Amino acid sequence: MSPNEVAVQEFWDELRKTTQARIGLGRAGNALPTRRVLELAAAHAAARDAVHVPLDLDRLSQAVLEVGIGEPTVVTSQATSRDEYLRRPDLGRAPAVGMAVPETPADIGFVLADGLSPTALDRHGAELLAALVGQLKDRYTLAPPVIATQARVALGDHIAAQARMRTVLVIVGERPGLSVADSLGIYLTHLPMPGRTDADRNCISNIHPPDGLGYTEAARVAAGLVDGALALGRSGVDLKDTSRTSTLDPTSMTPLN
């Protein structure tokens, strides 16, 4: 390589350390270098696997139980297969006929949903739940967790309404991409009920340590949004992340009886 080519390569090598985006990949004739083509193919395969590989329910249920807020209830949506779930998003938002969730009134409830990346929930779900519980347990009553399969975010509204959760946090596998296949999101809905829309929710996304948002930081932001939702009386577009500057005093708020 010429000195100029070496300098260019060093420039892109350094810049790539700051992003997971595919930049400065180089060329081999009129195409990408073989290494980069193989990396892209591997990332595409990982993304497909993240969508289609089933959730390990037994392992996740045990890990969630060990968090210490009760035995998880397992439910599913009206989607009867992964193919149907992908083709019919509406079925993933609706509870299966006869879905039963114990009535456990609480300030905060947690739904762990496989979403579009069961792999993400497998890898990060229980540890993220533990971080959330650590942030919230001293100030709020917490409902036993619910694990939902073939689930979209809105299924959490049905679950929370049945269980009588005042605020629900849906931990869900996010759509995998060619940079990240195991990212989780948290969707917060205050006073959840069927018919709520995305405008009624707040989202914390890109949770996948070590490269994405860490469990502790995500839980801290979520706790700030919970405090804000209770003070404001609603979640959604009017609720902003004030976790770094909030002067709200959650000790003055009345917990749910």
Side-chain angles (χ1 to χ4, degrees), residues 9 12-28 30-64 74 76-77 79-89 91-93 110-132 147-153 155-156 169-187 203-219 221-222:
Q9 185 64 47
W12 285 113
D13 287 345
E14 191 65 27
L15 197 58
R16 272 195 295 272
K17 295 177 182 179
T18 68
T19 178
Q20 292 177 304
R22 286 177 165 78
I23 58 174
L25 301 183
R27 300 191 66 80
N30 293 323
L32 290 171
T34 301
R35 175 186 172 189
R36 301 305 184 188
V37 173
L38 293 176
E39 288 174 348
L40 183 63
H44 187 254
R48 289 178 63 87
D49 286 348
V51 172
H52 290 283
V53 172
L55 185 67
D56 187 341
L57 266 175
D58 291 340
R59 193 201 68 79
L60 181 63
S61 296
Q62 181 59 39
V64 168
V74 178
T76 190
S77 71
T80 57
S81 69
R82 199 61 179 167
D83 285 345
E84 187 173 54
Y85 171 83
L86 295 172
R87 288 185 287 104
R88 292 285 305 275
L91 297 182
R93 301 183 186 108
F110 305 97
V111 176
L112 292 92
D114 53 3
L116 287 165
S117 179
T119 296
L121 194 63
D122 249 341
R123 292 179 183 173
H124 305 297
E127 290 182 83
L128 177 56
L129 176 65
L132 289 165
I147 299 173
T149 62
Q150 313 293 19
R152 306 267 176 178
V153 172
L155 184 63
L169 299 177
V170 178
I171 301 168
V172 62
E174 295 183 317
R175 184 189 307 275
L178 295 178
S179 297
V180 179
D182 65 341
S183 180
L184 285 178
I186 301 172
Y187 286 80
C203 177
I204 306 164
S205 63
N206 201 39
I207 305 167
H208 58 98
D211 297 317
L213 191 64
Y215 308 133
T216 301
E217 177 65 10
V221 174

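These figures come from a predicted structure and were not determined experimentally. Just so it is clear, the values below take in all heavy atoms, side chains as well, and ignore hydrogens, waters and symmetry mates.
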Requested in this report: Can you see which heavy atom on Pro176 is nearest to which on Ala47, and at what distance?
Outcome: CG-O, 3.5 Å
Requested in this report: Would you confirm whether Asp114, through its side chain, and Gln150, through its main-chain N or O, come within 3.5 Å as a donor-acceptor pair?
Outcome: yes
Report summary line: Per side chain to side chain contact (heavy atoms under 4.5 Å, CB included), Asp122 is matched among Asp182, Val53, Leu57, Leu55 by Leu55
Requested in this report: Taking all heavy atoms of Val51 and all of Arg82, pick out the closest pair and write down the distance.
Outcome: O-NE, 2.8 Å
Query - Sub-4.5 Å side-chain heavy-atom contact between Arg152 and Leu91 - result: no
Report task. Check Ala126 against Val64 and note the closest heavy-atom contact, atom names and distance. Result -> CB-N, 4.3 Å
Query raised in the report: Would a distance-only check, ignoring hydrogens and angles, find a side-chain to backbone donor-acceptor pair under 3.5 Å from Glu84 to Thr80?
Result: yes
Query raised in the report: Are any of the side-chain heavy atoms of Tyr85 and Leu116 separated by less than 4.5 Å?
Result: yes
Query - Sole candidate of Arg175, Glu174, His124 that passes side-chain hydrogen bond (donor to acceptor under 3.5 Å, both in side chains) when paired with Ser183 - result: Glu174
**Report entry** Smallest separation among heavy atoms of Leu178 and Leu40, with atom names
**Finding:** CD1-CD1, 3.7 Å
Query raised in the report: Has Arg36 got more than 12 heavy atoms of other residues, nucleotides or ligands less than 6.0 Å from its CZ?
Result: yes
Query raised in the report: Do you know the tightest heavy-atom contact between Arg59 and Asp56?
Result: N-OD1, 3.2 Å
Requested in this report: Mark yes or no for whether Thr18, through its side chain, and Leu15, through its backbone, hold a donor-acceptor pair below 3.5 Å.
Outcome: yes
Query raised in the report: For Ala50 and Ala181, which heavy atoms make the closest approach, and how far apart are they?
Result: CB-O, 3.3 Å
Requested in this report: Evaluate whether atom CZ of Arg16 has more than 12 neighbouring non-hydrogen atoms of other residues, nucleotides or ligands under 6.0 angstrom away.
Outcome: yes
Requested in this report: Count the heavy atoms belonging to other residues, nucleotides or ligands that lie under 6.0 Å from CZ of Arg48, then report whether that count exceeds 12.
Outcome: no
Query raised in the report: Any side-chain heavy atom of Ile207 within less than 4.5 Å of one from Ile171?
Result: no
Query raised in the report: Does OH in Tyr187 sit with more than 12 non-hydrogen atoms of other residues, nucleotides or ligands closer than 6.0 Å?
Result: no
Requested in this report: Please indicate whether His44 has more than 12 foreign heavy atoms, meaning atoms of other residues, nucleotides or ligands, lying under 6.0 Å from its NE2.
Outcome: no
